[in-house]
Amino acid sequence: MAELHELTIHEAASGLRAGEFSSEELTRAVLDRIERVEPRVQAYIAVDADRALAMAREADERLRAEGESAPALCGIPLALKDNLCTTDFPTTCASKILRDFRPPYDAHVVERLRAAGAVLLGKTNMDEFAMGSSTENSGLHPTANPWDLERIPGGSSGGSAAAVAACEALGALGSDTGGSIRQPAALCGVVGMKPTYGRVSRYGLVAFGSSLDQIGPITRDVEDCAILLDAISGHDERDSTSAPVDVPDFRSFLNQDVRGMKIGIPKEYFAEGMDAEVARAMDESRTAFESLGAELVDVSLPHTDYAVATYYLVATAEASSNLARYDGAQYGHRAEGTENIIDMFSRTRREGFGDEVKRRIMLGTYVLSAGFYDAYYLKALKVRTLIKRDFERAYEKVDAILTPTSPTPAFRKGEKMDDPLHMYLSDIYTISTNLAGIPGVSVPAAVSTDGLPIGLQLMAPNFEEGRLLRAAHAFEREAQVHATLARL
Amino acid sequence: MSPEIVSEKHVRHIALLSRLECSDPEIRKFAGDLNAILGYVEKLKEIDTDAIEPTTHALRLTNVFREDVVRPSLTNAQALSNAPEAEAGHFKVPPIIQES
């Protein structure tokens, strides 16, 4: 049998119910693992071992009392991205401006995990305020890719993806505004899903781009993804954009075949700029889906080439407004010795924010400012309509769409830090789903000759996460890539 | 070099609107970055969007209302628990209006 920290959520849930080990033993094994590998990976911002063990002991009592009827996550050690509000940990968004911020309430998803009896290990590193694709924009420290410590784990949920890939948590939550769950999942060789906009309440998720942000699971396999999605989905009246739609039993979509499923291959995603190894992994993935009985259909998403430009106007406009609240008045960092309030705001924000956050606030402020709103922001909102329509047309012909998750495997630390635009283009395949609102999942597809994971992305119409799980699970069983662990 | 879409003077104004104190070298750097990004987004002008409605949200959502009744909310102490400075149950900040 695998070591305890190497278990998936569903394996651990079975073991706990069979009495093979307790949640306390499992949690201790994961905490030991954290102690061994964390100095090299640095996936976490905060870990609280005592609190985690106390939660584990409570979960053990509940497992004894409730047995089989205990929730699937009872006693399972999990990690949370540090932009999810928690009352028992500071919530920093990896920003100096929130370094000591302790939220007076829990995010909706955190309440859900607590209610399910999950063990919360700690908070994971990220690009500051989720702005970035490499976790190098963290205002606290960088995180390494467990497959190659000289490389980035992706971002912005790089800490969550690295923690799961390094077996420092059995699963984690991230957030995805333009690919921030799926891209790091691909680069770390794990499964990551961005649910449909509105599927999961954003209450207590620190806002970046409010019309784009969505919370989702990062896990070792597709079954675990379904388990976590089950736990966090559903309407919550505290988020007025949370959708009042029924939540299916996501695990019921597992172990089904994909015979007859029509999977679209958008030609624009295979045009240029793709790494040769990613291209080969995609060829193999297509063959795998065909051998499973799926029908591959050529489709076109004609406005794909405009997605990155559209995204950086919409997301920065929303960010400039959302981040106006960090002014040193009510919480967070405040500059010392200022003479008037404008001076306090401007110096607090100068000291508290990193360069990427400043760059995006300024870009967003510019595109919303008088005289430029129509040319930039309104224009982007109109192109967003066209991008959304592209998907609606494609889904008239196909059930799901297959693309790479990222144009390259994990790049080296520092490689793109001097060139913001180049960094933005690493999200080229993931950004459109956020603009359209549709769900997308990244699944391990291959390991490159350099030993780096490569992910594939599946996308589906709104609220069809079940279809994604069905296709992803069928592929996972066929490809068996997910079973390979990073060697640390 | 990217074409100049925004001048350094304009970037200084944007920094003021954004409430971000910036040094001269920072203004120069951000001006360069913003011009590179704005140069890239120029490509949106290729698309005719005259007859297209804007999308502000991916889901078609209308206003969500609830009954106008008082519900439990943060206590004064909870609301002030992270305050950099507080006095008499209020947030305390430097002067807003100054005598001239």
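Proteins get letters first, then strands, A, B, ... in listed order; numbering begins at 1 in each. Just so it is clear, the structure is predicted and the values come from calculations on it, not from any experiment.
Across all non-hydrogen atoms, the minimal contact from A58(B) to L435(A) is CB-O, 4.2 Å. The minimum heavy-atom distance between T56(B) and R384(A), with the atom names listed, is O-NH1, 3.4 Å. Between K29(B) and D355(A), the shortest heavy-atom distance links the atoms NZ-OD2, 2.9 Å. Here the shortest heavy-atom pairing between I52(B) and R389(A) reads CD1-NH1, 3.8 Å.
Atom NZ of K96(A) has 12 or fewer neighbouring heavy atoms from other residues, nucleotides or ligands inside a 6.0 Å radius. R238(A) CZ: more than 12 foreign heavy atoms inside a 6.0 Å radius. In the displayed structure, N76(B) atom CG is contacted under 6.0 Å by more than 12 heavy atoms of other residues, nucleotides or ligands. By the neighbour-count criterion of 12 heavy atoms within 6.0 Å, atom NE2 of H422(A) is sparsely surrounded, having that number or fewer from other residues, nucleotides or ligands.
Comparing L17(B), V64(B), D33(B) by heavy-atom pairs within less than 4.5 Å of chain A, the highest count is held by D33(B). Chain B forms the most heavy-atom pairs under 4.5 Å with one residue out of Y105(A), Y306(A), F101(A), Y424(A), and that residue is Y306(A). Counting heavy-atom pairs closer than 4.5 Å to chain B, the top residue among S369(A), P103(A), P244(A), A309(A) is A309(A). By number of non-hydrogen pairs under 4.5 angstrom with chain A, the leading residue of P54(B), A86(B), P95(B), A83(B) is P54(B). Comparing A375(A), P104(A), G437(A) by heavy-atom pairs within less than 4.5 Å of chain B, the highest count is held by P104(A). The greatest number of non-hydrogen atom pairs below 4.5 Å with chain B, out of V314(A), D419(A), I342(A), is found for I342(A). Taking chain A as the reference chain and counting heavy-atom pairs below 4.5 Å, the highest number among L80(B), L38(B), L74(B) is found for L38(B). Comparing V93(B), L44(B), V41(B), L34(B) by heavy-atom pairs within less than 4.5 Å of chain A, the highest count is held by L44(B).
Only the side chain of L313(A) has a heavy atom closer than 4.5 Å to any heavy atom of chain B. Both the backbone and the side chain of K358(A) come within contact range of chain B, with heavy atoms under 4.5 Å apart. For a residue to count as touching a neighbouring chain, one of its non-hydrogen atoms must lie under 4.5 Å from one of that chain's; by this rule H303(A) touches chain B with the side chain only. Proximity to chain B involves both the backbone and the side chain of T241(A), based on heavy atoms less than 4.5 angstrom apart. Only the side chain of M344(A) comes within contact range of chain B, with heavy atoms under 4.5 Å apart. Neither the backbone nor the side chain of E351(A) comes within contact range of chain B; no heavy atoms are under 4.5 Å apart. Interface residue A329(A): backbone and side-chain heavy atoms are both found under 4.5 Å from chain B. With a 4.5 Å cut-off on non-hydrogen atoms, L421(A) touches chain B through its side chain but not through its backbone. Of the atoms belonging to L368(A), not a single heavy atom falls under 4.5 Å from chain B. Looking at I387(A), there are no atoms closer than 4.5 Å to chain B (heavy atoms on both sides), in backbone or side chain.
F463(A) has its side chain within reach of L59(B): a pair of non-hydrogen atoms, C-beta onward, lies under 4.5 Å apart. Contact check for Q330(A) versus N82(B): no side-chain heavy atoms found under the 4.5 Å cut-off. Side chains of N340(A) and I96(B) form no contact here, defined as non-hydrogen atoms less than 4.5 Å apart. H333(A) is not listed as a side-chain neighbour of P84(B), based on a closest heavy-atom distance of 4.5 Å or more. The side-chain heavy atoms of I47(B) and K382(A), taken from C-beta on, include no pair separated by under 4.5 Å. The side-chain heavy atoms of Y40(B) and V308(A), taken from C-beta on, include a pair separated by under 4.5 Å. Counting heavy atoms from C-beta outward, F30(B) and L363(A) have side chains that stay 4.5 Å or more apart. Between Y376(A) and E42(B) there is a side-chain heavy-atom pair separated by less than 4.5 Å.
You'll find the ring centres of F372(A) and H10(B) inside the 6.0 Å limit.
Ring planes of H57(B) and Y197(A): perpendicular class, angle over 60° (limits at 30 and 60°).
Rounded to the nearest 0.5 Å, atoms OG (S240(A)) and CG (N63(B)) are 8.5 Å apart. For the atom pair T365(A) OG1 and R19(B) CZ, the distance stands at 10.5 Å (nearest 0.5 Å).
Put simply, the side chain of R350(A) never gets that close to the backbone of L20(B): no donor and acceptor are under 3.5 Å apart. Here the side chain of T385(A) pairs a donor or acceptor atom with the backbone of E53(B) at under 3.5 angstrom.
D305(A) has a carboxylate O that lies under 4.0 Å from a charged side-chain N of K43(B), or vice versa, which qualifies the two as a salt bridge. Residues K379(A) and E46(B) are not paired through a salt bridge, judged by the lack of any N-O separation under 4.0 Å between the basic side chain and the carboxylate. Of the charged side-chain nitrogens involved, at least one lies within less than 4.0 Å of a carboxylate oxygen, so that R334(A) and E85(B) count as a salt-bridged pair.
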